[in-house]
Amino acid sequence: MTKDAFLTELGNALLMVPESERAEALHYYREYIEDAVDAGRSEEEVVASLEAPGVVASRIRTEATLARAADRPTPRNTSRALAAVFGILSLPITLPLAICIIALAICVAAVAFAVIVAVAVSIAAIVAAAIVVGARSVYLLIIGAMTGNAAVFTLGLGLIGTALAIFAVILLCYVAVGVCRGVGHFFRWVSGKVSKGRATK
Amino acid sequence: MDPQLKKGLLDACVLTVVEQGDTYGYLVTQKTVDLLHVSESALYPVLRRLEQQGCFETYNAEYGGRLRKYYRMTPVGEERLAKTREEMEDLYAIIEFIMKTEQKPDADGEKSAKELTEGEGK
């Protein structure tokens with residue numbers, strides 16, 4: 001890559017940064033490459049050694065964000081600084097990627113919640129049905145409308161239904177906990193990938 | 001090396017280089033890059049931040065028909081470096097301790113570890 005190509009791309013990657021910072025950085029790297037060439041290195045070699053303009057820009061953006069948060073600690077600046085520290089803003093594809101990850105996480109959490117609610121409602125229905133059947137057969141037994149095998153059979157059904165429902169509730173609790181843990185692991189995986197990317201810089 | 005550690009050391013190294021004499025970006029970079037194994041583009045954010053924090057003042061001087069930006073140490077920068085050097089004093093002792101324990105040979109190593117734990121038990 002030539003000096004001008006590098007500086008153009010760097011300038012583009014810094015459009016999100018305050019104009020004074022952008023100008024300062026471009027001035028620095030223009031001088032840097034010229035000094036290196038004066039010292040006998042080739043333009044291509046220096047530019048390659050500086051790494052990709054995107055990487056250079058992300059270092060500058062991270063510093064700018066942290067500096068702004070230190071100067072003016074508004075909630076917006078502080079959360080941006082936190083994001084920078086966690087490496088989200090310093091990724092070359094910054095905002096869109098961050099939005100995608102957050103949206104995906106919300107979807108996962110929403111789906112998990114919906115599933116749990118659906119299962120819970122189903123179990124509630126079963127429990128209700130079991131209780132109704134059991135109660136009705138007890139009632140019928142008492143008033144003598146149902147006798148013998150039919151009565152025992154229906155009562156048995158009711159009891160089995162209730163037992164199954166209780167068992168299902170316990171199972172649901174385990175599943176809910178498991179799902180929550182799963183979502184937690186997912187978040188940890190995401191932030192692990194992000195900070196791993198940052199650590200290699 | 002741990003990235004956070006590297007970042008702190010980079011600040012100290014840059015301060016030291018500028019203390020040694022007014023200098024410019026390329027020169028600072030060449031002096032620190034091999035020492036800390038960082039990319040050449042890692043230096044600019046440090047120089048910029050230290051300048052904004054008042055550790056450096058800058059001026060332009062002509063060189064070969066163009067203007068070059070020079071960095072010069074300020075009293076604030078000197079104080080920052082002095083403080084860092086104080087912290088490094090403690091670091092000396094710690095590093096020495098770590099390096100010494102490593103050098104014990106294997107045969108004696110087992111014995112010495114035993115001596116250490118027995119000694120602590122007394």
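The figures that follow rest on heavy atoms only: side chains count, while hydrogens, waters and symmetry mates do not.
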For a quick test of reading the model, state the closest non-hydrogen atom pair linking [X] to [Y] and the distance between them.
X       : Y       : answer
B:Ser41 : A:Leu50 : OG-O, 3.1 Å
B:Ser39 : A:Ser49 : OG-O, 3.9 Å
A:Arg41 : B:Tyr26 : NH1-OH, 3.0 Å
B:Tyr44 : A:Glu21 : OH-O, 4.2 Å

Subject >> A:Glu34 with B:Arg68: basic N within carboxylate O range, under 4.0 Å >> reply: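 So A:Glu34 does not pair with B:Arg68 through a salt bridge.
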
Considering only heavy atoms, which portion of [X] lies under 4.5 Å from any heavy atom of chain A: side chain, backbone, both, or neither?
X       : answer
B:Gln30 : side chain
B:Arg49 : side chain
B:Leu67 : backbone

Original post:
Does the side chain of A:Asp35 reach to within under 4.5 Å of the side chain of B:Arg66, using non-hydrogen atoms?
Top reply: yes

**OP:** Compare all side-chain heavy atoms of A:Tyr32 with those of B:Glu40 and state whether any distance is below 4.5 angstrom.
**Re:** yes

Kindly check if the number of other-residue, nucleotide or ligand heavy atoms within 6.0 Å of [atom1] ([X]) is above 12?
X        : atom1 : result
B:Lys6   : NZ    : yes
B:Glu96  : CD    : no
B:Glu57  : CD    : yes
A:Phe167 : CZ    : no

Original post:
In terms of heavy-atom proximity below 4.5 Å to chain B, should A:Ala25 be classed as side chain, backbone, both, or neither?
Top reply: both

Subject >> Euclidean distance, A:Glu24 CD relative to B:Gln52 CD, rounded to 0.5 Å >> reply: 8.5 Å

